[in-house]
Protein chains: 2
Amino acid sequence: MKKSGKKTRMTRQKKVIMEEIKKACDHPDADTLHSRVKKKLPRISLATVYRNLEDMAAQGAIIKLSGTTQRTRYDGNSHPHYHFHCLECREIEDIPVEPLEKLDQHVGHSVNHDILWHRVDFFGICSRCGDRTDRNA
Amino acid sequence: MKKSGKKTRMTRQKKVIMEEIKKACDHPDADTLHSRVKKKLPRISLATVYRNLEDMAAQGAIIKLSGTTQRTRYDGNSHPHYHFHCLECREIEDIPVEPLEKLDQHVGHSVNHDILWHRVDFFGICSRCGDRTDRNA
DNA sequence: GTCGAATTGAGAAAATATACCAGTTTTCAA
DNA sequence: TTGAAAACTGGTATATTTTCTCAATTCGAC
């Protein structure tokens with residue numbers, strides 16, 4: 001939140017973490033990402049992954065998602081978009097729907113609060129899990 | 001999720017927890033609710049509060065909210081509605097906006113998943129915190 | 001009232017995230 | 001380049017939140 005003029009440095013760790021989260025399509029949690037990053041930097045610690053994800057999220061470079069589990073997950077795509085959460089397999093998928101741009105302004109006016117952004121999350125059973133259940137029924 | 005024919009009982013604890021969460025307007029977390037319930041049942045344990053909130057949420061009687069903190073908060077109002085989260089004071093407020101009823105069906109069709117519900121959350125600074133910041137600026 | 005099953009209380013344990021700190025790396029001015 | 005200050009890291013301890021365990025209690029059908 002506070003910038004405080006502190007300079008930031010590009011470390012090897014940060015570079016790899018950024019690459020991995022940006023190319024990930026599955027909205028991984030910190031631990032999952034840690035495993036992936038370790039393939040390139042075997043000695044990197046989980047704390048470093050948490051620290052850098054936190055920094056990136058604060059800068060708006062990535063998005064923190066709170067889903068159907070206790071674990072925080074991260075989205076390397078910082079462009080506004082919505083998500084679908086499968087209650088069965090816990091997968092999170094991007095929704096190809098245009099964000100409701102005007103909504104913040106409209107709702108902000110009606111409740112008299114300064115709205116900075118909004119989030120829309122859909123919950124249900126994805127087609128893969130649905131098919132699997134059908135077969136077993 | 002699974003019903004399994006197990007019978008449920010109405011205990012004194014469950015009754016008081018239901019009363020408190022239903023009349024709460026501030027979307028309390030489990031710990032806060034525990035404090036309130038303890039005024040009526042001083043010996044009730046936090047685990048019992050968690051257990052019952054979890055059960056109620058599974059039945060759809062209340063809603064679990066994941067907000068701006070790590071803590072899960074609960075909403076006694078199970079009627080579909082949206083929320084505003086103040087990033088400053090962490091207060092959660094109901095949004096008096098008609099839910100987008102058709103959205104689930106529309107999006108579900110476009111992504112080919114079975115969508116059961118959706119959630120919309122607005123984030124920003126509430127008018128109280130905004131005023132306070134203005135004075136200090 | 002009696003009995004079996006559901007529930008509770010208390011605390012241990014698990015799960016997730018952050019804090020701490022000594023040692024390392026990055027950056028930048030000289 | 002090089003040297004030094006500041007930022008960052010790894011490893012681990014600690015904090016925080018939630019779930020689990022289990023003996024004891026309570027509920028409710030009979």
Side-chain angles (χ1 to χ4, degrees), chain A residues 1-21 27-59 61-74 90 92, chain B residues 1-21 27-59 61-74 90 92:
Chain A
M1 212 98 244
K2 191 189 282 185
K3 274 206 170 175
S4 75
K6 192 182 182 186
K7 296 207 169 50
T8 68
R9 292 171 181 175
M10 179 51 64
T11 62
R12 283 181 304 135
Q13 291 87 343
K14 185 186 291 184
K15 190 155 174 291
V16 176
I17 292 168
M18 284 179 72
E19 284 168 9
E20 285 294 330
I21 187 61
H27 311 83
D29 56 54
D31 199 58
T32 302
L33 204 59
H34 181 225
S35 306
R36 293 182 195 166
V37 171
K38 270 208 288 197
K39 288 176 185 162
K40 295 185 178 172
L41 299 173
R43 301 186 49 73
I44 194 171
S45 87
L46 180 58
T48 297
V49 174
Y50 269 111
R51 265 188 303 244
N52 279 286
L53 288 173
E54 199 55 41
D55 290 350
M56 285 182 240
Q59 293 167 205
I62 64 173
I63 296 173
K64 278 175 86 165
L65 304 174
S66 41
T68 56
T69 64
Q70 206 55 30
R71 271 187 152 116
T72 298
R73 293 172 67 162
Y74 300 86
R90 308 295 177 186
I92 300 176
Chain B
M1 212 98 241
K2 190 188 283 183
K3 275 205 171 177
S4 75
K6 191 182 182 185
K7 296 208 169 51
T8 67
R9 292 172 181 174
M10 179 51 64
T11 63
R12 282 179 308 133
Q13 291 86 341
K14 184 185 292 184
K15 191 157 172 288
V16 176
I17 292 167
M18 286 181 70
E19 285 167 8
E20 286 294 329
I21 187 60
H27 312 82
D29 56 54
D31 198 58
T32 302
L33 203 61
H34 181 225
S35 306
R36 293 181 194 167
V37 171
K38 270 208 288 196
K39 287 177 186 163
K40 294 184 179 173
L41 300 173
R43 300 186 49 74
I44 195 171
S45 86
L46 180 58
T48 297
V49 174
Y50 269 110
R51 268 187 302 243
N52 279 287
L53 288 173
E54 200 54 43
D55 289 350
M56 285 183 240
Q59 293 167 206
I62 64 174
I63 296 172
K64 278 176 87 165
L65 303 175
S66 40
T68 57
T69 64
Q70 205 55 31
R71 276 187 148 115
T72 299
R73 294 172 65 163
Y74 300 85
R90 309 294 177 187
I92 299 175

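The figures that follow rest on heavy atoms only: side chains count, while hydrogens, waters and symmetry mates do not. Every chain is numbered from 1, with letters handed out A, B, ... down the list of sequences.
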Nucleotide of D:dG10, D:dT21, D:dC8 approaching B:R51 most closely (side-chain heavy atoms):
D:dT21
Quick one: is C:dA15 close enough that its OP1 or OP2 comes under 4.0 Å of any side-chain N or O from A:Q70?
no
With distance as the sole test, does B:K14 use its side chain to make a donor-acceptor pair with the main-chain N or O of B:R9 at under 3.5 Å?
yes
Near-strand residues of residues 41-50 of chain A, defined as heavy-atom separation under 4.0 angstrom from DNA chain C
A:A47, A:Y50
Rounded to whole angstrom units, what separation is found between the CE atom of B:M18 and the P atom of C:dT7?
13 Å
From CZ of B:R12 across to P of D:dT25 the rounded distance in Å is 13 Å
What is the distance from CG of A:L53 to P of C:dA17, rounded to the nearest Å?
10 Å
Go nucleotide by nucleotide along DNA chain D from the 5' end; which of B:Q13 and B:D31 gets its closest nucleotide reached first?
B:D31
Provide, to the nearest angstrom, the distance between the CG atom belonging to B:D29 and the P atom belonging to D:dT19.
13 Å
Have a look at B:R71 and say if it touches a base, only the backbone sugar-phosphate, or nothing, with a 4.0 Å heavy-atom cut-off.
sugar-phosphate
Partners passing side-chain contact (heavy atoms from CB on, under 4.5 Å) against B:T72 (at least two apart in sequence or in another chain)
A:Q70, B:K64, B:Y74
Under 4.0 Å between a side-chain N/O of A:T11 and OP1 or OP2 of D:dA7, yes or no?
no
Whole Å only: how far is the CG atom of B:D55 from the P atom of C:dT8?
8 Å
Pairwise distance OG1(A:T48) to NE2(A:H34) - rounded to 0.5 angstrom:
8.0 Å
From CE of B:M10 over to P of D:dA29, roughly how many Å is that when rounded to an integer?
13 Å
Is any side-chain heavy atom of B:R71 less than 4.5 Å from a side-chain heavy atom of B:D31?
yes
Which is it for A:L65 and A:I63 under the side chain to side chain contact (heavy atoms under 4.5 Å, CB included) test, yes or no, and what are the steps along the way?
CA-CA 6 Å; A:L65 304 174; A:I63 296 173; 3.9 Å; yes
Is it the case that the side chains of B:R90 and B:T69 hold a donor-acceptor pair, with the cut-off being a distance below 3.5 Å and no angle test?
no
For B:R73 and B:D29, run salt bridge (charged side-chain N to carboxylate O under 4.0 Å, His left out): C-alpha distance rounded to whole Å, both residues' side-chain angles, the deciding distance at 0.1 Å, then the answer.
CA-CA 4 Å; B:R73 294 172 65 163; B:D29 56 54; 5.5 Å; no
Using OP1 and OP2 only, check whether a side-chain N or O of A:T72 sits under 4.0 Å from C:dA17.
yes
Measure the distance from CD on B:E54 to C1' on D:dT17 and round it to the nearest whole Å.
13 Å
In whole angstrom, what separates A:K15's NZ from D:dT9's P?
14 Å
Considering every strand and a 4.0 Å limit on heavy-atom distances, what is the contact class for B:N52: base, sugar-phosphate, or nothing?
sugar-phosphate
OP1 or OP2 of C:dA5 less than 4.0 angstrom from a side-chain nitrogen or oxygen of B:K7, does that happen here?
no
Side chain of A:R9 - closest among D:dA5, C:dT8, C:dA5:
D:dA5
